[in-house]
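When a ligand or atom number is given, it counts from 1 through the structure's own listing order. Only this structure's heavy atoms are used, side chains among them; waters, hydrogens and symmetry mates stay out.
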Amino acid sequence: MTSFFKQFVSVSRSAMRPFWDILMPPLCLGCDAPITENQTLCATCWKAIHFINEPFCPCCGAPFDSPMGEGALCSVCLETPPSYASARSVFLYDEASKPLVLRFKHGDQLHGLPLFAQWLARTGESFWPDAADGVDGIMPIPLHRWRLLKRRYNQSALLAIALGRLVRKKVLVDALVRTRPTPPQGHFSRKQRLLNVRGAFALRRGVDVRGLKLVLVDDVLTSGATVNECARILLAAGAARVDVLTLARVKSEM
Ligand SMILES: [Zn+2]
Ligand SMILES: [Zn+2]
């Protein structure tokens, strides 16, 4: 598109906005109810979605029902400490948030991206400072190329790019590769999930992560097996620290 045409489209789009909204009112990203503002949720969805706040496990971010005392870890992290330093998620993956996540994943709700990136930026607040503690780069969890062909885009990469723009951090989109497709993990036990992803990822040749502090981005954290394996590979390649940020997570790891 020429820049003149681009400008024309963007000017006419904003000028037409009031008329456009009457013809096509903005819809809730979760349930399609008409709302007054674009790219957000209706009041009912806002209330139903369980945003994760303290208290939660300081390691994996699993919410606790009641405060467990300073620094107390959940039983999963105590039993098998993950390779990543910490994981944080915006909201719980449950009946209320499922439509939001699945619609984004399967393509008809990509306009939720700016809102999701803002949520991720806020949830990962402690990761971004530019001081010595800040992260060096953001990395999406890769899809296997067959799945990428089928789905046409990697939702984690879209989240990582939008987030990187907001928090002004470098996004290493292609640094990790999926070397083999992994079967869906739905009915697997925790141990099987860890084995299922073992060796399924690699660092792209020539990518140097030595000494870097990285944040892995994904849409949903289920067992944590995938992010754990990616963090393991990055740390083995010399990364200084790996944290994890996801849009949603199941209540507790299985
Ligand atoms: Zn709604
Ligand atoms: Zn934990």
Chemist: Would you check if there is a donor-acceptor pair between the side chains of D243 and S86 at a distance under 3.5 Å?
Modeler: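 Present: a donor and an acceptor within the cut-off.
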Chemist: Could you please tell me which protein N, O or S atoms lie under 2.8 Å from the Zn ion (ligand 1)?
Modeler: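 Counting only protein N, O or S atoms under 2.8 Å from the Zn ion (ligand 1), the list reads C28 SG, C31 SG, C42 SG, C45 SG.
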Chemist: Between R249 and D218, is a salt bridge (Lys or Arg N to Asp or Glu O under 4.0 Å) present by the stated rule, with each step listed?
Modeler: CA-CA 10 Å; R249 64 158 296 139; D218 207 357; over 6 Å; no
Chemist: Closer than 2.8 Å to the Zn ion (ligand 2), do we get an N, O or S atom from C59, backbone or side chain?
Modeler: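 So C59 does not count as coordinating the Zn ion (ligand 2).
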Chemist: I'd like to know whether CZ of R180 has more than 12 heavy-atom contacts from other residues, nucleotides or ligands below 6.0 angstrom.
Modeler: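 Above 12, so yes.
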Chemist: Looking at side-chain heavy atoms only, is the closest gap between T246 and V220 below 4.5 Å?
Modeler: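 No - every pair of side-chain heavy atoms lies 4.5 Å or more apart.
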Chemist: I need the minimum non-hydrogen distance between P140 and V173, along with the two atoms involved.
Modeler: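 Answer, listing the atom of P140 first, then V173: CG-O, 3.8 Å.
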Chemist: Which one of C60, S83, P81 satisfies the side chain to side chain contact (heavy atoms under 4.5 Å, CB included) criterion with N228?
Modeler: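 Going through the options one by one, the only one that passes is S83.
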